[in-house]
There are 2 protein chains.
Amino acid sequence: MAHLMTESILRGPYKPGRIREQSRELILQAAEAEFACHGFRGATMQRIAESAQVPKANIHYYFSNKLGLYGAVLENTLNLWDAIFNELASHDEPADVLSCYIDAKMDFSRTHPTASRLFAKEMISGAPHLSAYLQQDYRLWFKQRMSIFESWVAQGKMDDVEPAHVIFMIWASTQYYADFEPQILIATQTPTLTEQSFTSAADSIKHIILKGCGIC
Amino acid sequence: MAHLMTESILRGPYKPGRIREQSRELILQAAEAEFACHGFRGATMQRIAESAQVPKANIHYYFSNKLGLYGAVLENTLNLWDAIFNELASHDEPADVLSCYIDAKMDFSRTHPTASRLFAKEMISGAPHLSAYLQQDYRLWFKQRMSIFESWVAQGKMDDVEPAHVIFMIWASTQYYADFEPQILIATQTPTLTEQSFTSAADSIKHIILKGCGIC
DNA sequence: TGAAAAGTTGACTAAATGGACAGGTATTGA
DNA sequence: TCAATACCTGTCCATTTAGTCAACTTTTCA
């Protein structure tokens with residue numbers, strides 16, 4: 001569970017708050033797109049308001065300020081991220097584990113491209129708002145998976161490649177199809193990335209990673 | 001050669017433009033860092049000026065406006081990019097070609113991380129300032145390389161994987177070490193990426209890509 | 001050497017920005 | 001029905017922003 005210093009869900013006595021959820025969600029969605037496209041500094045409250053079709057003052061009713069809104073958006077994103085992290089479970093066979101993980105990551109790129117881009121922008125900027133998140137579960141998760149990979153290497157189930165680089169290759173390759181979509185579209189001369197594009201890409205990545213790591 | 005609508009580089013024929021080159025370069029360097037970190041909208045002329053240690057008005061003496069400055073930075077970056085593109089030459093053996101290219105790309109990530117990040121930010125934002133560049137040489141380059149790969153497949157020199165995905169995997173994996181440095185540092189629990197980190201990563205990528213494509 | 005050209009910059013402006021707030025309307029529960 | 005509370009937003013404000021400009025200094029070269 002990702003938890004960073006962000007907007008307290010309950011602002012005010014919070015009685016029923018039925019409308020609250022809807023309005024918040026509407027604003028958060030618009031904000032995610034705006035932040036993903038222009039970054040924290042480049043995004044403006046005015047544009048977010050227009051995109052969400054609410055007066056700017058309405059945003060300030062639900063979120064204390066720009067940073068609070070950004071924190072809330074980031075928290076949403078990180079919760080999604082966490083779910084994918086845990087897809088890399090410890091089945092028996094390396095082939096199954098990596099195949100499933102690559103599929104899950106690719107599916108995330110397809111269904112949540114803006115979340116992926118938001119995360120990417122934050123990283124490229126030096127991850128100034130992610131330190132709390134990255135320090136905790138993340139490190140532990142990574143360490144644990146690394147040791148699983150190492151045990152596979154020891155058992156001769158895969159080549160002796162540094163596990164970290166394998167993970168990075170999977171992350172990089174799958175996220176690429178969300179983050180660098182314009183480049184892919186122009187290179188391949190296609191108007192949009194279809195669901196079929198993603199499965200085709202996932203198949204290629206699986207082939208190369210599995211065979212490349214000597215997993216059969 | 002990358003050429004987009006940007007600041008005209010009118011340097012005096014001999015003497016006059018001596019100071020010009022220095023000042024321009026100083027500003028461009030500061031601007032590259034600022035744009036790479038905060039994107040076009042998020043960057044401010046004031047911060048660029050402070051970073052370059054010149055008055056803000058001095059920037060406007062050399063560059064017509066913010067967009068002009070950004071265009072000049074982008075042009076610099078794209079010229080570097082072009083040089084790496086052409087590293088993927090047509091040697092005889094696929095193994096050599098891809099090994100050299102991966103090394104070259106990885107070297108670029110190590111020596112020009114901010115250029116890589118600038119390019120990435122621009123892409124994630126939808127590449128609004130790159131259309132001219134991406135339409136021209138880029139498409140042709142890509143098409144030509146694809147056909148080389150296809151001939152390799154036909155000759156049985158490599159597995160039948162879609163060439164485009166192989167290229168994307170190489171791009172994604174190598175650029176990752178520049179763009180997502182914070183994530184890598186935290187995951188691997190190291191303070192900085194050393195030259196050895198990059199060669200180690202390049203080796204892993206080469207191993208996986210070559211073997212994964214059935215190139216031996 | 002001296003005047004023309006190149007380079008420099010403090011002070012200014014208009015617009016955009018994040019944010020505050022008072023006074024309003026809608027919803028709720030008793 | 002009727003307060004109490006949640007929800008809404010037009011209007012304002014201080015600050016930041018990109019960009020201008022005219023006065024100034026330095027460099028160039030004939």
Side-chain angles (χ1 to χ4, degrees), chain A residues 6-35 37-74 128-129, chain B residues 6-35 37-74 128-129:
Chain A
T6 173
E7 214 58 25
S8 56
I9 301 292
L10 37 119
R11 165 205 173 87
Y14 190 78
K15 281 288 162 97
R18 196 173 39 105
I19 300 168
R20 192 172 195 79
E21 288 305 310
Q22 288 179 11
S23 297
R24 272 183 62 102
E25 199 49 46
L26 186 72
I27 294 167
L28 282 171
Q29 219 166 319
E32 181 183 305
E34 172 76 4
F35 283 128
C37 190
H38 299 113
F40 175 68
R41 285 206 160 104
T44 76
M45 301 295 272
Q46 185 57 49
R47 243 196 310 273
I48 293 171
E50 281 163 14
S51 168
Q53 290 183 301
V54 298
K56 194 182 61 161
N58 191 265
I59 298 180
H60 280 96
Y61 174 70
Y62 285 108
F63 301 93
S64 58
N65 53 29
K66 193 181 180 184
L67 191 61
L69 175 58
Y70 186 68
V73 169
L74 218 49
H129 305 281
Chain B
T6 171
E7 216 60 22
S8 59
I9 307 176
L10 41 107
R11 59 214 205 98
Y14 195 146
K15 291 287 166 79
R18 204 181 39 138
I19 298 169
R20 192 170 195 82
E21 288 305 310
Q22 288 179 12
S23 297
R24 272 183 63 102
E25 199 49 47
L26 186 72
I27 293 167
L28 282 171
Q29 220 166 319
E32 180 182 305
E34 173 76 4
F35 284 128
C37 190
H38 298 112
F40 175 68
R41 285 206 159 102
T44 75
M45 301 296 271
Q46 185 56 51
R47 240 195 312 273
I48 293 171
E50 282 163 14
S51 168
Q53 290 185 300
V54 298
K56 193 183 58 157
N58 190 263
I59 298 180
H60 280 96
Y61 175 71
Y62 285 107
F63 301 92
S64 57
N65 53 29
K66 192 182 181 184
L67 191 61
L69 175 57
Y70 186 67
V73 169
L74 216 50
H129 305 280

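Here is the naming used below: chain letters follow the sequence lines, and residue numbers restart at 1 for every chain.
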Would you say a side-chain N or O of A/Tyr62 is under 4.0 Å from OP1 or OP2 of D/dA6?
-> no
Rounded to whole angstroms, how far apart are CZ on A/Phe63 and P on D/dC7?
-> 12 Å
Output for pair (A/Gln22 CD, A/Glu25 CD), nearest 0.5 Å, gives 10.0 Å
Least distance between heavy atoms, A/Ser64 atom then A/Gly68 atom | OG-CA, 4.3 Å
Do you know the tightest heavy-atom contact between A/Ala30 and A/Ile48?
-> CB-O, 3.8 Å
Check nucleotides 23-26 of chain D for protein N or O atoms closer than 3.5 Å to its own N or O atoms and list the pairs.
none

Rounded to the nearest 0.5 Å, what's the gap from OH on B/Tyr62 to CD on B/Glu21? Could you check?
-> 9.5 Å
In whole angstroms, how far is the C1' atom of C/dG24 from the CG atom of A/Asn58?
-> 14 Å
OP1 or OP2 of C/dT8 sitting under 4.0 Å from any side-chain N/O of B/Tyr61?
-> no
Distance, rounded to the nearest Å, where A/Ile19 contributes CD1 and C/dT25 contributes C1' | 11 Å
Spacing of A/Glu21 atom CD relative to D/dA6 atom P, expressed in whole Å = 14 Å
List the atom of B/Ile27, the atom of B/Ala52, and the distance in Å for their closest heavy-atom pair.
-> CA-CB, 4.3 Å
Where does the angle between the aromatic ring planes of B/Tyr70 and B/Phe40 fall among parallel (under 30°), tilted (30 to 60°) and perpendicular (over 60°)?
-> tilted
Between protein and nucleic acid, restricted to nucleotides 2-4 of chain C and to nitrogen or oxygen atoms under 3.5 Å apart, what atom pairs and distances do you find?
none

note: A/Leu26, atom CG; D/dC8, atom P; distance rounded to Å ~ 10 Å
Nearest-0.5 Å distance, CG of residue B/Leu28 to CZ of residue B/Phe35 | 10.0 Å
Scan nucleotides 10-18 of chain C nucleotide by nucleotide, 5' to 3', and note B when protein non-hydrogen atoms come under 4.0 Å of the base, S if they reach only the sugar-phosphate, - if neither.
-> B------SB
Who are the salt bridge (charged side-chain N to carboxylate O under 4.0 Å, His left out) partners of B/Glu34, not counting sequence neighbours?
-> B/Arg47
Roughly, in whole Å, what's the span from CD in A/Gln22 to P in C/dT27?
-> 11 Å
Do A/Leu67 and A/His129 have side chains that get closer than 4.5 Å, going by heavy atoms?
-> yes
Partners of B/Ala49 by side-chain contact (heavy atoms from CB on, under 4.5 Å), sequence neighbours excluded?
-> B/Lys56, B/Ile59
Answer yes or no: does a side-chain N or O of A/Arg20 lie under 4.0 Å from OP1 or OP2 of D/dA6?
-> no
Those residues that, when tested against A/Glu50, pass side-chain hydrogen bond (donor to acceptor under 3.5 Å, both in side chains) (two or more places apart) | A/Gln46
